[in-house]
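Quick notes on the structure that follows.
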Amino acid sequence: MTLRLYDTATREERDFVPMTAGKAGIYLCGPTVQSAPHVGHLRSAVAFDVLQRWLERSGYAVTLVRNVTDIDDKTLAKAADAGWEWWAWALRYEREFQAAYAAVGVKAPAAEPRATGHIPEILGMIERLVANGHAYEQGGSVYFDVRSFVGYGALTRQALDDLSPAQDAPLEDKRDTHDFALWKARKDDEPATASWDSPWGPGRPGWHIECSAMAHRYLGEEFDIHGGGLDLRFPHHENEQAQSRAAGYGFARLWMHSAWVTQSGAKMSKSLGNGLLVSEVLAEHEPAALRLALAAVHYRSMLEYSPSTLDEASAQWARFQGFVARASEKVGAPSAATVATAELPAAFVEAMDDDLGVPRALAVIHETVRAGNAALTAGDDAAVAAALLAARSMLDVLGLDPGAPEWAGEKAGASDAAMGALDFLVKADIEARAAARAAKDWATADAIRDRLAGAGIVISDGADGARWSLASES
RNA sequence: GGUGGAGUGGCCGAGAGGCGAGGCAGCGGCCUGCAAAGCCGUAUACGUGGGUUCGAAUCCCAUCUCCACCUCCA
């Protein structure tokens, strides 16, 4: 069975055929760092993180490049309004994005290039486009000539004459309303630090060119997969593809787009102001639960976010954690290497190979956990061990292995030493309660349990003694 | 106007011609001193109207509703 992925360009699932056997090059449009990350941003990042993990698990060496757009109109405007230097403003939010990605277990990309760090590459590509007749200079700015490139509109099936007129720039400088800026001449009110020398005078890069230039630098003229949010298809990705191909490069072989997070059916976005900030969500829920909530819906389907979304995800996460903890106590935890290489259930593989069918894959995990819990009750250690290994391996593919270091002890945010000390203290209470229970002194036993519960410590009685855990909800 | 997507049980969500994914919530039961956790059971779902078929949530026609992109957006 080979991996099949839905290609936005052809609107069908296609077998993933890498350019180079055993390798996968991915360019992912990262954030424009002009405001704080919301859960929609994380959804996209998690979707492609799962793609990376599945490719790696399938034996590919993945090179994932995720850019940072650290200069654009809004960044300059917002920084100016706030009385900040634009570069400090951009870096502040770049750090917030990185922290948010890391919090939900998104792997660090192989490269994380910034637009402002690649001015030479950008200038080189623009000069190439001017030289071959696909771009023209006007008043110190350079525009891409959409009418000059017959492939324009190929990605999103747009016919130039059917599009509504663009309103992003005065028409007088452009030959066609849909021509877009590759290079923007410096305006008098813009800071000197936001300007670079070019053959056309001082200025800064347009929005789309940086991705073409950086993809070219890190992944070459042609690469396997280009990803991003659905809203980037047009005009951003269309323009990227047009300028790269007009420059003579093959560019992306396959396009993947992740869908939005919606609230009451409407898209969550910066401009609508209905974005749920990552910082707000993580103040009330575990990061793993957020990741699970974001990954649980197929990446091409809208994810309807409601107040219960995180509660449900937390319940599922607690179920996974609970099984892994109980099973590990009973039969021992497999090593990380074993988890990373264990054979995966066929149904899981089939689901993931079918355009990353995470919802179906999750169903397999739940079935495995149920079987494991049943085996635990039945005392079938062999079955428990098998279910534990299978469950952790599958969850590992989704970046949600409860036994992985990044999630261990996350609830308290506590160090191993602190957890050890807490365990020492709670054990004393558990022993006292066991003595009370043995004496059928239920009042004392319940009082101990209630007192611990008040501190956020949950006691569960089992056949072979009581165990404790921290409550899921803070 | 152009392009694309969606309507599935209380909720979230898979599936895509024939055995009713999975989760959450609910209800009944088992277990438990009581809980918690866990396990077992439990829903006659597929926007509407036609059609094709032995058989349709899945195919065809029509129709309604919603969302998005075409301006910045994951």
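Every chain is numbered from 1, with letters handed out A, B, ... down the list of sequences.
- Across the C1' atoms, G10(B) and C27(B) are found 13 Å apart, a figure rounded to whole Å.
- For the residue pair His237(A) and Gly227(A), the shortest heavy atom distance occurs at NE2-O, 3.9 Å.
- His257(A) has its ring centre no less than 6.0 Å from the ring centre of Tyr299(A).
- Under 3.5 Å, the side chain of Arg449(A) and the base of A35(B) form at least one donor-acceptor pair of N or O atoms.
- When rounded to the nearest whole Å, the span between CD of Gln263(A) and P of A6(B) equals 22 Å.
- Looking at heavy-atom distances under 4.0 Å, Ser301(A) makes contact with sugar-phosphate atoms alone, never a base.
- Judged by distance alone, with hydrogens and angles left aside, Asp446(A) brings a side-chain donor or acceptor within reach of the base of G33(B), the pair sitting under 3.5 Å.
- Side-chain contact between Arg175(A) and Gln138(A): absent, with no pair of heavy atoms (C-beta onward) separated by less than 4.5 Å.
- In this structure, Leu232(A) reaches the sugar-phosphate backbone alone: every heavy-atom distance under 4.0 Å involves primed, P, OP1 or OP2 atoms, never a base.
- Side-chain atoms of Gln316(A) stay outside donor-acceptor range of the base of G23(B), with no qualifying N/O pair under 3.5 Å.
- The same atom, C1', is picked in U63(B) and in G7(B); the two are 14 Å apart, to the nearest Å.
- At the heavy-atom level, Thr156(A) lies under 4.0 Å from the strands shown only through sugar-phosphate atoms.
- Both Gln158(A) and Tyr299(A) lie near RNA chain B, and the one whose nearest nucleotide falls closer to the 5' end is Gln158(A).
- Within 4.0 Å (heavy atoms only), Arg437(A) reaches at least one base atom of the nucleic acid.
- A salt bridge does not link Lys78(A) with Asp81(A): every distance from a Lys NZ or Arg NE/NH1/NH2 to an Asp or Glu carboxylate oxygen is 4.0 Å or more.
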ask   = For Arg233(A) and Trp255(A), what are the C-alpha separation, side-chain angles and deciding distance, and is it a side chain to side chain contact (heavy atoms under 4.5 Å, CB included)?
value = CA-CA 9 Å; Arg233(A) 268 181 319 176; Trp255(A) 289 85; over 6 Å; no
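- Using a 4.0 Å heavy-atom criterion, one finds that Val364(A) contacts no nucleic acid atom at all.
- Remark: the separation of the P atoms in C66(B) and G55(B) is 35 Å, to the nearest Å.
- Each of Asp162(A) and Val369(A) was matched to the nucleotide of RNA chain B holding its nearest heavy atom; the match closer to the 5' end belongs to Asp162(A).
- In this structure, His237(A) atom NE2 and C72(B) atom P are separated by 14 Å, rounded to whole Å.
- Here, C39(B) and C24(B) have their P atoms 9 Å apart, quoted to the whole Å.
- An OP1 or OP2 oxygen of A16(B) is reached within less than 4.0 angstrom by no side-chain nitrogen or oxygen of Arg360(A).
- Taking the side chain as every heavy atom from C-beta outward, Val261(A) and Leu276(A) never approach each other to under 4.5 Å.
- When rounded to the nearest whole Å, the span between NE2 of His298(A) and P of A6(B) equals 11 Å.
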task = For side chain to side chain contact (heavy atoms under 4.5 Å, CB included), just list the numbers for Leu388(A) and Val324(A), CA-CA rounded to whole Å, side-chain angles, deciding distance to a tenth of an Å, and then say yes or no.
result = CA-CA 6 Å; Leu388(A) 175 62; Val324(A) 168; 4.1 Å; yes
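- Between C19(B) and C46(B), the distance separating the two P atoms is 15 Å to the nearest Å.
- At the heavy-atom level, Arg370(A) lies under 4.0 Å from the strands shown only through sugar-phosphate atoms.
- Contacts of Ile459(A) with the nucleic acid, taken as non-hydrogen atoms under 4.0 Å apart, include base atoms.
- Rounded to an integer number of Å, the gap from CZ of Phe234(A) to P of G4(B) is 13 Å.
- Here His257(A) lies out of heavy-atom contact (under 4.0 Å) with every strand.
- Below the 3.5 angstrom threshold, one finds no donor paired with an acceptor across the side chain of Lys267(A) and the base of C67(B).
- Using a 4.0 Å heavy-atom distance criterion, Gly265(A) is classed as a sugar-phosphate-only contact.
- Atom P of nucleotide G4(B) and atom CZ of Arg11(A) are separated by 5 Å, given to the nearest angstrom.
- One atom, CG of Asp72(A), and another, P of U71(B), lie 16 Å apart when rounded to the nearest Å.
- Using a 4.0 Å heavy-atom criterion, one finds that Asp461(A) contacts the bases of the nucleic acid, with or without backbone contacts as well.
- Residue Ala259(A) is in base contact, counting any heavy-atom pair closer than 4.0 Å across all strands shown.
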